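Order of the sequence lines sets the chain letters (A, B, ...), proteins ahead of strands, with each chain counted from 1. Keep in mind the model is a prediction, meaning the values are calculated, not measured.
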There are 2 protein chains.
Amino acid sequence: MFSKACEYGIKATIFIAVKSLHDQRVSLKEIAEEIDSPVAFTAKILQLLAKSGIVDSHKGPTGGFQMDRTGIDNVKVYDIVCAIDGDKIFNGCGLGLKQCDAEHPCPVHDKFIGIRENLTTMLQKTSMFELATGLDIGLTQLKR
Amino acid sequence: MFSKACEYGIKATIFIAVKSLHDQRVSLKEIAEEIDSPVAFTAKILQLLAKSGIVDSHKGPTGGFQMDRTGIDNVKVYDIVCAIDGDKIFNGCGLGLKQCDAEHPCPVHDKFIGIRENLTTMLQKTSMFELATGLDIGLTQLKR
DNA sequence: CCAATAAAGGATATTTAGGTCTTTTTATCA
DNA sequence: TGATAAAAAGACCTAAATATCCTTTATTGG
Ligand code: FES
Ligand code: FES
């Protein structure tokens with residue numbers, strides 16, 4: 001469904017959101033441990049998320065990653081997926097035609113379009129706040 | 001969503017079904033042209049589909065690929081996806097946890113499970129016959 | 001100012017997906 | 001029966017995703 005980079009990116013952002021809700025900045029090392037991801041690779045992904053304005057980063061001692069309250073409420077899973085994997089999964093043809101076009105549909109177009117819309121809507125509606133609170137109260141987990 | 005191999009496999013099978021409905025066997029070359037795919041790579045995929053019993057293959061002059069009427073009715077998109085990409089997309093965790101487990105869910109589990117079920121059901125219900133007839137009457141297309 | 005800390009950046013390595021090429025096997029039919 | 005046609009099989013190549021390593025830059029606190 002998503003690339004590894006995107007999976008790490010989503011998990012990292014949720015974790016940063018949890019910590020930010022407790023007014024804590026969190027370091028790359030801590031993130032990688034918490035989401036069970038390779039440190040250096042995670043660094044690349046966080047760089048991209050920082051450039052995209054999804055998370056804030058600070059260098060130096062006491063540095064690390066964080067989100068402000070507005071971000072925690074406004075950033076949706078959809079934004080992270082777009083930033084890392086692009087929008088192919090939301091707009092692309094399920095059978096790989098150059099573009100998905102209802103006027104010239106592939107054989108699965110009509111069947112796919114509904115599911116793709118459900119996925120898009122779901123990801124557009126799901127905020128970091130919602131996912132972060134579930135994690136914070138122990139309902140969900142980021143590794144196993 | 002699907003791998004390239006899987007996209008080619010689905011398209012190839014639909015095309016073979018169309019031709020089989022007209023009692024025509026079809027060669028690798030013809031298939032690759034019709035679905036706009038690399039010939040040698042398509043050969044590999046068709047080998048796998050033949051081994052999986054999804055299509056029948058015959059060597060020699062007049063040889064090629066075909067499906068019997070039972071296969072055209074019974075083979076579902078789901079079967080092709082499982083044969084080529086495996087069932088990770090149907091059972092795997094959306095965030096890449098080692099296994100998707102409702103007792104120990106990842107943050108997106110509850111949101112994902114419904115969409116994943118819709119996708120699975122849709123692919124399990126969609127037969128080659130249905131897709132082949134749509135293509136045959138010109139409603140849909142395999143390349144662009 | 002300086003030492004320590006942490007992210008940014010860039011070069012490199014590894015693994016997997018995607019794709020090609022050549023040889024072998026099987027079947028047809030003239 | 002032998003020339004030919006077509007898929008099967010296996011070795012090989014290429015590009016992209018994943019992952020690592022090293023150097024640079026920014027920030028902090030003493
Ligand atoms: S054309 Fe293939 S999904 Fe729309
Ligand atoms: S645990 Fe992640 S989708 Fe079920």
Looking at [N], I'd like to know if its phosphate oxygens (OP1 or OP2) sit under 4.0 Å from a side-chain N or O belonging to [X].
{"X": "B:S57", "N": "D:dA8", "result": "yes"}
{"X": "B:K4", "N": "D:dA16", "result": "no"}
{"X": "A:Q47", "N": "C:dG9", "result": "yes"}
{"X": "B:Y8", "N": "C:dG19", "result": "yes"}

Which pairs would a plain distance check flag for residues 29-42 of chain A, meaning a side-chain donor or acceptor within less than 3.5 Å of a matching protein atom at least two apart in sequence or in another chain?
unit_1: A:S37; atom_1: OG; unit_2: A:T42; atom_2: OG1; d: 2.6
unit_1: A:T42; atom_1: OG1; unit_2: A:P38; atom_2: O; d: 2.6

Could you state the [atom1]-[atom2] distance from [X] to [N], rounded to the nearest angstrom?
{"X": "B:F65", "N": "D:dA6", "atom1": "CZ", "atom2": "P", "result": "12 Å"}
{"X": "B:I54", "N": "D:dA7", "atom1": "CD1", "atom2": "C1'", "result": "18 Å"}
{"X": "B:D56", "N": "D:dA6", "atom1": "CG", "atom2": "P", "result": "18 Å"}
{"X": "B:I16", "N": "D:dA6", "atom1": "CD1", "atom2": "P", "result": "15 Å"}
{"X": "A:I45", "N": "C:dA7", "atom1": "CD1", "atom2": "C1'", "result": "15 Å"}
{"X": "A:L46", "N": "C:dA6", "atom1": "CG", "atom2": "P", "result": "15 Å"}
{"X": "A:L28", "N": "D:dT27", "atom1": "CG", "atom2": "P", "result": "18 Å"}
{"X": "A:E30", "N": "C:dT5", "atom1": "CD", "atom2": "P", "result": "16 Å"}

Of the listed nucleotides [options], the one nearest the side chain of [X]:
{"X": "A:K59", "options": "C:dT20, D:dT27, D:dA6", "answer": "D:dT27"}
{"X": "A:A40", "options": "D:dT20, C:dG18, D:dT28", "answer": "D:dT20"}
{"X": "B:T62", "options": "C:dA8, C:dT28, D:dG10", "answer": "C:dT28"}
{"X": "A:K51", "options": "D:dA7, D:dT28, C:dG9", "answer": "C:dG9"}
{"X": "B:S3", "options": "D:dT18, C:dA8, C:dG18", "answer": "C:dG18"}
{"X": "A:F41", "options": "D:dT20, D:dT4, D:dA8", "answer": "D:dT20"}

Non-hydrogen atoms of B:C82 and B:D87 that approach each other most closely: SG-CB, 4.4 Å
Any donor-acceptor pair under 3.5 Å from A:K11 side chain to B:L95 backbone: yes
Among B:H104, B:K98, B:Q99, the one residue meeting side chain to side chain donor-acceptor pair (under 3.5 Å) with B:D101: B:H104
Whichever of A:C6 and A:G63 has its nearest DNA chain D nucleotide further upstream toward 5': A:C6
First encountered from the 5' end of DNA chain D, between A:P38 and A:H58: A:P38
A:S3 and A:D85: side chain donor to acceptor below 3.5 Å: yes
Ionic contact status for A:K125 with A:E130, cut-off 4.0 Å: no
base_contact_polar (D:dG10 base, B:K44 side chain, donor-acceptor, <3.5 Å): yes
